[in-house]
Amino acid sequence: MTREAILSYLTAPTADALFAEARRVRHATKGNGVFLRGLIELSSICDRNCLYCGMRHENPNVRRYAMQDDEIVACAALAAELNFGTVVLQAGECERLWTQARISQLIRRIKAETGQKITLSLGERSEADTAAWKAAGADRYLLRFETTDRSLFNRIHPGSPQTEEHPRIAQLKRMKAQGYEIGSGVMLGIPGQTLDSVVEDLLTFAELKLDMVGLGPYLKHPETPLGQSDQTSEVPVSADFTCRCYALTRLLLPNANIPSTTALSTLDPLNGRTLGLTSGANVFMPNLTPAFYREGYQIYPGKICVVAPQADSLDALKATFNELGLCQQQG
Ligand code: 5AD
């Protein structure tokens with residue numbers, strides 16, 4: 001697909017034909033299955049100061065917590081009980097807390113005790129760390145590059161190395177070579193983000209041959225520098241625009257796993273998941289973090305916990321799948 005074609009899909013008055021085509025391709029490559037991945041938010045302690053994120057180090061109003069290893073393994077066991085197949089271990093960036101050895105041991109325990117596949121989402125880490133975790137049995141790594149626009153990336157990530165190559169794209173390439181399935185993605189509507197840069201983001205997903213692509217609207221957090229600025233974006237913060245990006249990603253990478261994200265459901269609590277699943281998405285990531293920790297993990301305000309581990313909310317999710325002719329698939 002050309003840049004011009006992508007740009008015109010993003011800006012056309014309506015996108016019904018695009019969504020229909022994305023559904024067709026999604027069906028051809030993925031059938032009617034939806035993968036559920038259990039998200040475990042290990043800790044809200046973060047050393048970074050990303051300008052958009054509510055969990056940034058300098059925000060004093062975050063309830064900081066860190067889960068114990070036994071609690072984490074218990075969450076993974078719940079994922080197995082619910083037939084999820086995969087758990088995602090995500091945390092604020094903190095190497096002191098999540099050392100190479102500790103994560104390696106957690107991976108081995110989760111594999112041995114629950115049989116779940118493991119996706120890591122622990123931020124920017126060294127080649128040695130990710131190699132050790134691969135050797136311990138990790139399957140996938142999620143690291144959003146957030147934007148291909150280097151000057152925008154540098155401005156909103158003061159803690160990232162200001163190298164010539166995008167540090168996260170460099171890490172994704174290293175991990176692909178190490179044998180990981182790699183996932184990335186961007187936020188849509190970051191102040192200062194341009195439509196041309198989003199076109200570049202989408203083309204970069206294809207260039208990197210990503211296995212998984214997570215896309216969500218940028219949501220203002222009032223206790224962050226970006227949330228307090230009134231700088232605008234050319235890129236709309238809307239469910240429609242987000243779903244156009246899901247659909248275009250599906251056309252560019254027909255086999256990718258594309259989650260309908262929590263940020264989309266937060267922006268549109270009533271229709272978010274249906275819209276996501278009818279514009280090319282095939283994955284859902286229910287939050288399995290214990291309820292008493294969750295309020296600590298507010299990367300943006302009002303983050304809804306799409307489903308709790310309770311059976312009733314999972315039933316509601318499955319009812320939505322049913323209405324759409326889809327069903328849970330283990331993996
Ligand atoms: N709005 C939307 N998404 C956000 N993230 C972090 N802060 C925000 C925000 N204010 C996303 C980033 C990050 C992921 C874990 O959450 O894309 O990679």
Side-chain angles (χ1 to χ4, degrees), residues 37 39-59 61-62 88-94 98 119-125 140-149 152-153 155-160 166-169 171-172 182-193 197-198 201 204-205 210 212-229 231 233 235-239 241-242 245-246 249 258-269 272 276 285 287 289 294 296-306:
R37 268 94 205 240
L39 178 63
I40 312 175
E41 296 161 334
L42 310 188
S43 94
S44 62
I45 297 167
C46 191
D47 292 339
R48 297 286 177 114
N49 270 306
C50 304
L51 266 56
Y52 49 86
C53 181
M55 241 160 60
R56 64 201 305 274
H57 183 73
E58 283 172 14
N59 182 1
N61 301 321
V62 178
V88 181
L89 307 185
Q90 189 175 82
E93 289 197 33
C94 184
W98 306 108
T119 301
L120 299 174
S121 181
L122 301 171
E124 295 175 18
R125 301 288 301 232
R140 315 188 179 110
Y141 203 104
L142 275 184
L143 180 67
R144 288 191 181 175
F145 59 71
E146 314 294 0
T147 173
T148 43
D149 177 337
L152 177 59
F153 181 88
R155 191 162 62 77
I156 63 180
H157 297 99
S160 289
H166 193 304
R168 297 195 180 179
I169 291 180
Q171 182 175 331
L172 288 161
I182 52 169
S184 191
V186 300
M187 288 181 289
L188 300 163
I190 310 167
Q193 192 180 35
S197 78
V198 172
D201 297 344
T204 302
F205 299 156
L210 294 177
M212 191 272 207
V213 181
L215 295 161
Y218 161 73
L219 300 167
K220 258 179 187 254
H221 192 300
E223 287 157 353
T224 61
L226 220 54
Q228 285 161 8
S229 95
Q231 196 189 1
S233 177
V235 178
V237 173
S238 71
F241 188 87
T242 304
C245 291
Y246 289 177
T249 302
I258 303 175
S260 180
T261 56
T262 307
L264 173 61
S265 289
T266 301
L267 186 64
D268 187 342
M285 292 168 59
N287 193 332
T289 312
R294 286 190 198 175
Y297 207 88
Q298 291 277 331
I299 46 189
Y300 44 80
K303 175 166 150 282
I304 62 152
C305 289
V306 183

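We count ligands from 1, going down the list as the structure has it; atoms in each ligand are counted the same way. For the numbers below, each heavy atom of this structure counts, side chains included, while hydrogens, waters and symmetry mates do not.
Among protein heavy atoms, the minimum distance from atom 16 (O) of ligand 1 is reached at I299 CD1, 3.5 Å. Protein heavy atom nearest atom 9 (C) of ligand 1, with residue, atom name and distance: L219 O, 3.5 Å. For atom 12 (C) of ligand 1, the closest non-hydrogen atom on the protein side is E146 OE2, 3.4 Å.
For M187, the heavy-atom gap to ligand 1 drops under 4.0 angstrom. Remark: distances from the non-hydrogen atoms of P217 to ligand 1 include one below 4.0 Å.
Here the side chain of D47 pairs no donor or acceptor atom with the backbone of C94 at under 3.5 angstrom. Checking side-chain atoms of S233 against main-chain N and O of G192 turns up no donor-acceptor pair under 3.5 Å. No donor-acceptor distance shorter than 3.5 angstrom exists from the side chain of E223 to the backbone of E58, with no hydrogens or angles considered.
A donor-acceptor contact under 3.5 angstrom links the side chains of Y297 and Q90, judged on distance only.
The aromatic rings of F145 and F205 lie tilted to each other, with the angle between the two planes from 30° to 60°.
Heavy atoms of K220 found under 4.0 angstrom from ligand 1: none, in either backbone or side chain.
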Might you work through the side-chain hydrogen bond (donor to acceptor under 3.5 Å, both in side chains) test for T147 and D149, ending with a clear yes or no? CA-CA 5 Å; T147 173; D149 177 337; 5.2 Å; no
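Here the shortest heavy-atom pairing between G123 and E93 reads CA-OE2, 3.5 Å.
For ligand 1, the polar-atom distance check against Q90 finds no nitrogen or oxygen pair separated by under 3.5 Å. For ligand 1, the polar-atom distance check finds an N/O of R144 within less than 3.5 Å of one of the ligand's N/O atoms.
Each of the following atoms of ligand 1 lies closer than 4.0 Å to a heavy atom of Y52: 6 (C), 7 (N), 8 (C), 10 (N).
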